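Structure first, commentary second.
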Amino acid sequence: MPPTGSEPPRMNKKKGDKGFESPRPYKLTHQVVCINNINFQRKSVVGFVELTVFPTVANLNRIKLNSKQCRIYRVRINDLEAAFIYNDPTLEVCHSESKQRNLNYFSNAYAAAVSAVDPDAGNGELCIKVPSELWKHVDELKVLKIHINFSLDQPKGGLHFVVPSVEGSMAERGAHVFSCGYQNSTRFWFPCVDSYSELCTWKLEFTVDAAMVAVSNGDLVETVYTHDMRKKTFHYMLTIPTAASNISLAIGPFEILVDPYMHEVTHFCLPQLLPLLKHTTSYLHEVFEFYEEILTCRYPYSCFKTVFIDEAYVEVAAYASMSIFSTNLLHSAMIIDETPLTRRCLAQSLAQQFFGCFISRMSWSDEWVLKGISGYIYGLWMKKTFGVNEYRHWIKEELDKIVAYELKTGGVLLHPIFGGGKEKDNPASHLHFSIKHPHTLSWEYYTMFQCKAHLVMRLIENRISMEFMLQVFNKLLSLASTASSQKFQSHMWSQMLVSTSGFLKSISNVSGKDIQPLIKQWVYPFHGQSPSFPGALQIANSMVSTWTGPPAMKSLFTRMFCCKTCPNIVKTNNFMSFQSYFLQKTMPVAMALLRDVHNLCPKEVLTFILDLIKYNDNRKNKFSDNYYRAEMIDALANSVTPAVSVNNEVRTLDNLNPDVRLILEEITRFLNMEKLLPSYRHTITVSCLRAIRVLQKNGHVPSDPTLFKSYAEYGHFVDIRVAALEAVVDYTKVDRSYEELQWLLAMIQNDPVPYVRHLFMVDVLTLQNIVPTRCWESTVMCFELTLDYFWLKPRLLGSGTSHDWRLRCGAVDLYFTLFGLSRPSCLPLPELGLVLNLKEKKAVLNPTIIPEAGAGSQEAASNPSSHVPLAGFQNPFPSSQDEEEVDMDTVHDSQAFISHHLSMLERPSTPGLSKCRPASARSALLPPRSASCEGIPTPKPAWGLDLARKGAGTTRALRSCLSFLVHLFKSVHARSTWQLATKAFTFGTLLHKLNPFHDSGSQTKFDNRNKFPHKVSVESNL
Amino acid sequence: MADTASTAGAGGSGTRSGSKQSTNPADNYYLARRRTLQVVVSSLLTEAGFESAEKASVETLTEMLQSYISEIGRSAKSYCEHTARTQPTLSDIVVTLVEMGFNVDTLPAYAKRSQRMVITAPPVTNQPVTPKALTAGQNRPHPPHIPSHFPEFPDPHTYIKTPTYREPVSDYQVLREKAASQRRDVERALTRFMAKTGETQSLFKDDVSTFPLIAARPFTIPYLTALLPSELEMQQMEETDSSEQDEQPDTENLALHLSTDESGAEKENTSVLQQNPSLAGSRNGEDTVIDNPYLRPVKKPKIRRKKSLS
């Protein structure tokens, strides 16, 4: 984006060639945030902000700012009292008694509400009237100082308080608070212009208890005691122009660690964790060096801070000169598996420091550039650190994910504003949410969006070469850093904003290549739901293989890991070689998936795994074996096959399968030992819970969610909670229990940890099609009650989620999943099929829809797979309960079907029928989701598979190798098994040479793996 | 007196540890001693002007005297062993008496008092006879280089060995087996105990004892137990660290750890780790150079600060 640049591409109408045109009638140059009281007991915050603003138009008489949750006491402009109005339409998007209880209506209303306060549309929740005394002043475009006093009481979002209920002062209790949120969410904790495109310099002051530390953006200028010496004030200055959305705060009794390699880098963690912090951050300087080297650019800020906090909103959150991490990333030197994962998080956050924090974006549609570039340089780091194969494996995984998602949901658009904003040719019509704003976006979609942005960057690199790519980045950075040093020329600061057109122009300037076709295809809306990477689907990388024959993998394992003299006893653990460690812990898991001719796990395999557990001896090991033991439990779970059940007999101890008894014995002991000697991140508890669920599901143990519910409670470690929750979700799925669904929804509504609520939501999302199934008891009743979670207070689609964009978008997804509400705009109907009047308990058929609906229903009927969502509605009453059964096959005539339902609705004698039928009726009316999406299911992998897949990144690469081994054994098992085993063994030794953590030399060796056909196909597509 | 005390003590213990054959003579010996003490008590009573005394009171006084003398003996023995000797000396006794609150200076005068009664020494013939150890064969004579006053060689049967039929547990497999089952037994017993004494959950509604699960209990700060290594692991780590293995990729981090400890300790103002001598030299110099705003001292408040800079 050179200053004298030529015309930007036509397709981007928003930008002129002068660069950025602010959507706001003023320019913010400086903001002071002063929080002078933080009360942990009451979870409240009191403070003020002062914005220095230059009007850019004459007769500016209203200034709109963003503010949510805050109570605003007083606003003054240049010391004159100013009137203000506060209106937040996103709180309650539509009324609970609305007739329009449907997602289409909600999504539209929600998108409208969000843009009504969108700073990038010049809007805001807080509208301040400029006092008439200042009008003349404004007309001369002179500076305005807006001083706002505000307070925040028990914030539900934006700031998260963690206050453990133990004895002692707040500092002793480890109480802390930190800012969090999805995209621009700073307005939740102080009034500001909550946009990534409004940059200004900052002065930040936080007065906290003397035992606490306040960490924020920019340089800590000084720390001063208050007069009573009981508190101290942290003064921060951030001289690099920064968007409010990149401002953050963390306050707590942190332990402080100055990075021994880079003294300007400081790390913070919660009390008692300092030793872990030292180990975890000891690697960070290498990431710094790497990025600075490839970008040939210094890290833009004068300091960097990492803060590790509990109950994190996301694992990694990058803000200007500071990153907030989940405390669960901390680990000691004894832990192998967490190390690469944590390092990846550190590297990711650092990449975003350059692109995302320092360089911001002009508008939401330019987000993909930032995500793409940070993802790309992070990818380069991955390649260098973990080796080419791990990198390729990662890329392949990303590809698989996005392909699966696009097949399921439709294309992911990187540049969503294109199309001039006309509703008609909305390219995102296949989605049940609006993609025009980050706050209306489904989280899953956003994840895929980031994924795709990075992959597109790789495509561009492929076209113009890495050298040019890095030159472009360097150019962007150097322009930005020149602009950032222009202290008094705030108009220059827009050079720090990246835009799609600016980025593309830089590319063509630097490389001289025309990448428009590529960009047109990938960045701007491309249509249809064609898989973006043909051939990728063919990549079958499944570990599950079945063959008959001796478990040859066992002899391989014995050779590699067991004692020479007594082959049934595994050597005492020594995990010095990470390669063999990962092999050692993965092989039994894979082996347990073997099945004999009766489709049972061979007895000798089970015995073998039990022996591994029995003889496991970690006393001489430098590393913890908690992940290894956890995987042994996974292996046990993998060996479980469905119980042979006679007449659905009740599962009791007496008829317990002897093998299962052995397994249960181990699980019991492991789970109980965890209470006495807990393992790192409770990996063993997690595996035990999963294994118990597998036993339940296979009918060996009575199916019962009680145990899992107790582990899902608040107060357990988050990994345990999530594992327990997954089990409950699985139970709900299998047993179709309405009770549990209710419990899950209540959990989503009430859990104190936003991250857990979010994870719960994501998990519950896998309950696709669960509501409309035949066995569901009293379907209508359940619908009604379930709907209440969304529409009645505190509603998931209303005030219950008003403080957390991510959660609300999750609720939209969930609603969509549970009630099968279809795509809003591809649907030819403007309104609901059935309009309900709850007061009169009547439903009226929307007259406009009948013909369309008929077509839809026929289409549904012609496609057997689409019967599934209909079936439940067809038969909402179990035959025992009710009189009129509807025969699914006869309802080809949708009108008859609808009127049938209507007649049922109007029958007053039937309890629980009066209200809320829209979901059921509607899903019958609408064309069901495309056949392709039914045909190619992309559910979460089965339990066993899931277990096999989890683990560190390196494991995955190794797993591919293992699957190759499995393949090898399977394909030629007719020949001498021994010969095969030796072959495999040489292959195993090859694996030894792969170093997952630190290498460049080993890359070449391991490239041999490219000989495997399924890997090659990945590369050819990239 | 000292002699009496120590022998009395020895006599007491002798009864307990003595072998079966010597029980009767030892008992006799013990009774004789006691009789002597009774005579002493009686004479002392007479000396004090009593004409007669009840048996019970004489017994009690005897008991007291015996305890007192035993205590002197026990204590004197401790003093003497404390100075690495086996034979008590006079000074041991003196110290003992002083320690017991007895004024030693009055002792000579008391011993020479005019009205004292002299008791005949108890008959020595009562000394228990240690039964002779069974002798089998002739002991080996001393070779010329061993002086003759040295003890004799043990009896010849001491040198006879009888091989057992159990193989020694040097076999690797057996050792592993043993360790594994031992650990398993301990774990099982421990968890069962915990399950029995606390709240449990069960996978089978009809049976709560076969697979008892210790009930899940939420923590107030769950991340601490989840992240911090247990004490057992810490201990293990120290042990394995001493047998340092070299290929470890971040050996350099070890040095790093120490250096960071210093800055951390300095910050915390609680000496977490004493300065490591090998690094202190180079590091100390740098410590003063590290200019991190979070390490700077907190300033005292000024009279009035400007509220904001803009």
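Just so we're clear, the structure is a prediction, and the values are computed from it rather than from any experiment. Residue numbers begin at 1 in each chain, while the letters A, B, ... track the order of the sequences. The figures that follow rest on heavy atoms only: side chains count, while hydrogens, waters and symmetry mates do not.
The side chain to side chain donor-acceptor pair (under 3.5 Å) test applied to B:Glu81 returns B:Lys77, not counting sequence neighbours. Partners of A:Thr233 according to the side chain to side chain donor-acceptor pair (under 3.5 Å) rule, which considers only residues two or more places apart in sequence or in another chain, are A:Thr207.
Here B:Phe219 and A:Phe717 keep their ring centres 6.0 angstrom or further from each other.
By the 4.5 Å heavy-atom criterion applied to side chains, A:Tyr714 and B:Pro218 are not counted as neighbours. For the pair A:Tyr225/B:Lys299, no side-chain contact is recorded, criterion being any heavy-atom separation below 4.5 Å from C-beta on. Considering only heavy atoms from C-beta on, B:Leu295 stays 4.5 Å or farther from A:His263 through its side chain. Side chains of A:Met229 and B:Lys300 form a contact here, defined as non-hydrogen atoms less than 4.5 Å apart. Inter-residue side-chain proximity for A:Val718 and B:Tyr223 is flagged as unmet; no heavy-atom pair is nearer than 4.5 Å. Contact check for B:Thr225 versus A:His682: side-chain heavy atoms found under the 4.5 Å cut-off. Side-chain contact between A:Tyr680 and B:Leu228 is absent, with no heavy atoms from C-beta onward closer than 4.5 Å.
In terms of non-hydrogen atom pairs under 4.5 Å with chain B, the most contact-rich of A:Lys305, A:His331, A:Glu713 is A:Lys305. Among A:Leu671, A:Asp219, A:Thr29, A:Leu276, the residue with the largest count of heavy-atom pairs under 4.5 Å with chain B is A:Leu276. For the set A:Val213, A:Thr266, A:Thr201, the count of heavy-atom pairs under 4.5 angstrom toward chain B peaks at A:Thr266. Residue with the most contacts toward chain B among A:Leu707, A:Val166, A:Asn568, A:Asp617: A:Leu707 (heavy-atom pairs, distance under 4.5 Å).
Heavy atoms closer than 4.5 Å to chain A are found in both the backbone and the side chain of B:Leu227. Contact of B:Ile221 with chain A is made through the side chain alone, with heavy-atom distances under 4.5 Å. With a 4.5 angstrom heavy-atom cutoff, B:Ala215 touches chain A only via backbone atoms. Heavy atoms of B:Arg217 lying under 4.5 Å from chain A belong exclusively to its backbone. The part of A:Cys563 that comes within reach of chain B is its side chain, from C-beta onward, which places non-hydrogen atoms under 4.5 angstrom from that chain. In this structure, no portion of A:Phe670 lies under 4.5 Å from any heavy atom of chain B. Neither the backbone nor the side chain of A:Glu311 comes within contact range of chain B; no heavy atoms are under 4.5 Å apart. Neither the backbone nor the side chain of A:Val33 comes within contact range of chain B, judged by heavy atoms closer than 4.5 Å.
Atoms CG and CZ, on A:Asn672 and B:Arg188 in that order, are 11.0 Å from each other to the nearest 0.5 Å. Separation of atoms OG1 (A:Thr565) and CZ (B:Arg176) is listed at 9.5 Å; rounding is to 0.5 Å.
Smallest separation of non-hydrogen atoms from A:Arg661 and B:Thr210: NH1-CG2, 4.0 Å. What you find for A:Ser165 and B:Thr220 is that their closest heavy atoms are O-CG2, 3.6 Å. Residues B:Leu224 and A:Leu273 come closest through the heavy atom pair CD2-CD2, 3.9 Å.
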> Does the pair A:Val258 and B:Tyr294 meet the rule for a side-chain contact (heavy atoms from CB on, under 4.5 Å), with working shown?
Replying inline: CA-CA 8 Å; A:Val258 176; B:Tyr294 294 93; 5.8 Å; no
>> Using salt bridge (charged side-chain N to carboxylate O under 4.0 Å, His left out), reason through B:Arg184 and A:Glu666 one step at a time and then give a plain yes or no.
In response: CA-CA 10 Å; B:Arg184 173 164 301 223; A:Glu666 295 300 325; 2.8 Å; yes
>> Between A:Lys614 and B:Glu177, is the side-chain contact (heavy atoms from CB on, under 4.5 Å) condition met? List the steps.
In response: CA-CA 9 Å; A:Lys614 183 179 170 192; B:Glu177 189 96 42; 3.2 Å; yes
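At a cut-off of 3.5 Å, with distance as the only test, a side-chain donor of B:Gln201 or A:Ser710 sits close to an acceptor on the other residue.
Tested against B:Leu203 for a side chain to side chain contact (heavy atoms under 4.5 Å, CB included), the candidates A:Asp704, A:Thr668, A:Thr706, A:Leu664 yield a single pass: A:Leu664.
One finds no salt bridge joining A:Glu222 and B:Arg296 here, because no Lys/Arg side-chain nitrogen approaches an Asp/Glu carboxylate oxygen to under 4.0 Å.
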